[in-house]
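Structure record follows, encoded as C-alpha cells.
Computed from a predicted model, the values in this text were never measured in an experiment. Proteins come first, then strands; the chains are lettered A, B, ... in the order of their sequence lines, and each starts at number 1.
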2 protein chains.
Amino acid sequence: MESLTPRQKEIFEWICQYKQTQGLPPTRMALCTAMGFHSPNAAESHLRALARKGVIELLPGASRGIRILTQPDHPEGLPLIGRVAAGDPILAQQHIESYYPIGAELFHPRAHYLLRVQGDSMSHAGILSDDLLAVHQTTNVSNGQIVVARIHEEVTVKRYFRHLNQVELRPENPAFPIMTIDLTQTPLHIEGRMVGLIRSSWHS
Amino acid sequence: MESLTPRQKEIFEWICQYKQTQGLPPTRMALCTAMGFHSPNAAESHLRALARKGVIELLPGASRGIRILTQPDHPEGLPLIGRVAAGDPILAQQHIESYYPIGAELFHPRAHYLLRVQGDSMSHAGILSDDLLAVHQTTNVSNGQIVVARIHEEVTVKRYFRHLNQVELRPENPAFPIMTIDLTQTPLHIEGRMVGLIRSSWHS
DNA sequence: CGCCATACTGTATATAATCACAGTTTACGG
DNA sequence: CCGTAAACTGTGATTATATACAGTATGGCG
C-alpha cells in the first residue's frame, strides 16, 4: 500500500474499526462526527485520497459505498474482474466487481484474479459461459496452455500456440474459428494463464 | 436461531453472500432485483421477518442498516470427500480428506461438501475428471438436475430423471450408458445436488 | 517565490434509500 | 369456512447520503 499520511492512516483505521464493530461501512457524516469535522467535504476528500492510494475503493452513487481493499476485510479472497475497459491494466481497481472467498493458493501456481467467461468457445475444454476462470498473471506462457489474451480492447480465453511471430489462439469448440495473429502487425497482450475454474451458477 | 422458512433462509443466505463479496450490506432495492421482487416492500417485510427471528438486526433510519447476527456455518472451508465406504453417510468424519478454503455461501443454495469427480461420464456438461463438485446435501431433486447418487457402495454423478418408480441416471457423454433403476428393486440414495464446480488441476 | 498537496470550513442539491400505507394471492390449521 | 401467516405488488413521502462548488490555511519543494 502506498504510504499514507499519519492523518490518513488514522482515518483509514477508524473506517476499518467502524466496519468491524458495526458490520457495515460508515457514511461521510459518521466519519465527520467521529473525526470532529464540521464539513462533509473533509470526509469526502479524505476518502478520495484513500481511494487514490488504493487502500479503499469508492462505489459511486452507493450509500456507504466504501470497500476496504487491504487485509482485515478480504483475507484470502480473490477479486472478480468485470468488464475490462480499453487501455487499462486488467487488474485495475475499477474493474473489480466483487471479491470471492477463495484461497488463492488453492491453485498452482497461485491465482491472482477471477475472470467471468463469456461465450462457449472453450466449451469442449469444460469451460462454459459464466464460469469464473482463475488466472495466474504472467506473460510467460507455453504452447498448448489456456491463456487470457487481449487484442486491443477485446479480452479472450483461448489455447495458445506460437511459431516465431505467428500466434494461434485456438478455441475448443469447432463452431468457433482459430484466430491467427502476426505479432509484427497486431499487438497481442498475454494477461495470464488459466490455473483453475469455478462454476457457481448455471442454467439447469 | 428460530426456524426460518425455506424462502427466508434463501434470502438470508443471499444477504450474507452479498456482504461477503461486496463488503457492505445490501439495500432493499438490491435485494429486490436479486430475488426478482417488483416491490420494495417485499424486501422490507422479509427483512422484518428475519429480524424478528433474530438472525439479523435492522438499524432504523440507516441506509444498508442490516447487521448479520448469526453466521451460517463458517468453519473456514468446505470438506473434500475422499473414497466413500459402504453404508456410512457420505459426510461422515472418516470420509473427509481435507478442507478447502472456499466460502460455502458462494454457491446457491449453499454447498455442504466437495466431491472429486472420477471419470469422464459428464464431460459434455463441462465436468471433467478430477474436478471438485460442490454438492448441496438434499434428497429433494428435480428432473434434469445433476445429482450425486449412490447405489449400494457406488457413488456416481449423473443427470437425474424420474418417472414413477423408474429413475434414469443419464451421463453427458455418448460413450457412457444410461443407467435405469427400478426403485422397487434397487435402493437408490440421492446424496445431493450439484451447485457448483472447482477445477484446480488438470493435465496440460 | 510560486506551485502543489494536505487538511480542512460552509452551502447546496440531486438522488439513494428507508419505510409507511394499502392491497392481492396462496396455503394451512382450527 | 374463517382467520392468520407468508409472500408478494404498487405508490409515495421523508430522510439519509453522496457529492459538486466555492473557499481558507499550512507546509514542503524546486
Side-chain angles (χ1 to χ4, degrees), chain A residues 1-15 18-19 22-69 93-94 96-98, chain B residues 1-16 18-19 21-69 108-109 140:
Chain A
M1 105 172 96
E2 197 179 329
S3 61
L4 301 181
T5 68
R7 188 61 167 159
Q8 285 170 355
K9 199 174 171 189
E10 194 183 336
I11 288 167
F12 175 61
E13 273 163 13
W14 180 86
I15 292 169
Y18 183 100
K19 218 206 115 181
Q22 303 300 311
L24 55 127
T27 64
R28 269 71 166 167
M29 262 315 276
L31 184 58
C32 281
T33 55
M35 307 310 282
F37 301 153
H38 291 147
S39 165
N41 193 38
E44 182 70 26
S45 45
H46 263 113
L47 289 174
R48 297 267 171 96
L50 290 174
R52 184 158 25 83
K53 295 192 176 180
V55 297
I56 65 169
E57 189 192 348
L58 291 177
L59 313 175
S63 69
R64 300 173 192 268
I66 301 168
R67 196 176 272 167
I68 295 166
L69 296 177
Q93 218 51 257
Q94 65 268 28
I96 296 177
E97 199 173 295
S98 64
Chain B
M1 114 170 85
E2 196 180 332
S3 62
L4 302 180
T5 67
R7 188 59 167 159
Q8 287 169 355
K9 201 174 169 192
E10 194 183 337
I11 288 167
F12 176 59
E13 274 164 14
W14 180 86
I15 293 169
C16 293
Y18 184 101
K19 216 203 120 184
T21 60
Q22 303 299 315
L24 52 116
T27 64
R28 269 72 165 167
M29 262 315 275
L31 184 57
C32 282
T33 56
M35 308 309 285
F37 301 154
H38 291 149
S39 167
N41 194 37
E44 182 70 28
S45 45
H46 263 112
L47 289 174
R48 297 268 171 95
L50 290 174
R52 184 160 24 84
K53 296 192 175 178
V55 296
I56 65 170
E57 188 191 348
L58 290 177
L59 314 174
S63 71
R64 299 170 191 271
I66 301 169
R67 196 175 275 166
I68 294 167
L69 298 177
H108 332 280
N140 185 15

Of all heavy-atom pairs between [X] and [Y], which one has the smallest distance, and what is that distance?
| X | Y | value |
| --- | --- | --- |
| B:Phe12 | B:Ile56 | CE1-CG2, 3.7 Å |
| A:Ala30 | A:Pro26 | CB-CB, 4.2 Å |
| B:Leu31 | B:Ala43 | CD2-CB, 3.7 Å |

Value in whole Å for how far the [atom2] atom of [N] lies from [atom1] of [X]:
| X | N | atom1 | atom2 | result |
| --- | --- | --- | --- | --- |
| B:Met29 | D:dT15 | CE | P | 21 Å |
| A:Leu59 | C:dT15 | CG | C1' | 16 Å |
| A:Leu58 | D:dT17 | CG | P | 16 Å |
| A:Ile66 | D:dA18 | CD1 | P | 7 Å |
| A:Ile11 | C:dT6 | CD1 | P | 12 Å |

Looking at [X], I'd like to know whether one of its side-chain N or O atoms comes within less than 4.0 Å of OP1 or OP2 on [N].
| X | N | answer |
| --- | --- | --- |
| A:Ser63 | C:dA17 | yes |
| B:Arg28 | C:dT18 | yes |
| A:Arg64 | D:dA18 | no |
| B:Arg7 | D:dC8 | yes |

Is any side-chain heavy atom of [X] closer than 4.5 Å to a side-chain heavy atom of [Y]?
| X | Y | result |
| --- | --- | --- |
| B:Ile15 | B:Leu47 | yes |
| A:Ser63 | A:Thr27 | no |
| A:Ile66 | A:Leu50 | no |
| A:Thr5 | A:Lys53 | yes |

Worksheet, complete the sentence: Under a 4.0 Å heavy-atom cutoff, the residues of residues 36-50 of chain B touching DNA chain C are B:Pro40, B:Asn41, B:Glu44, B:Arg48
Worksheet item: If you check every side-chain atom of B:Arg52, which of D:dA6, D:dA18, C:dT6 has the closest atom?
Response: D:dA6
Worksheet item: So which pairs with a foot in residues 30-44 of chain B pass side-chain hydrogen bond (donor to acceptor under 3.5 Å, both in side chains), sequence neighbours left out?
Response: B:Arg28-B:Glu44, B:Glu44-B:Arg48
Practice prompt. Specify the angle, to 10°, made by the local axes at the two ends of the helix from C:dC1-D:dG30 to C:dG30-D:dC1 when five pairs are taken at each end.
Written response: 30°
Response to the item:
Taken to the nearest 0.5 Å, the spacing of B:His46 NE2 from B:Gln8 CD works out to 5.5 Å
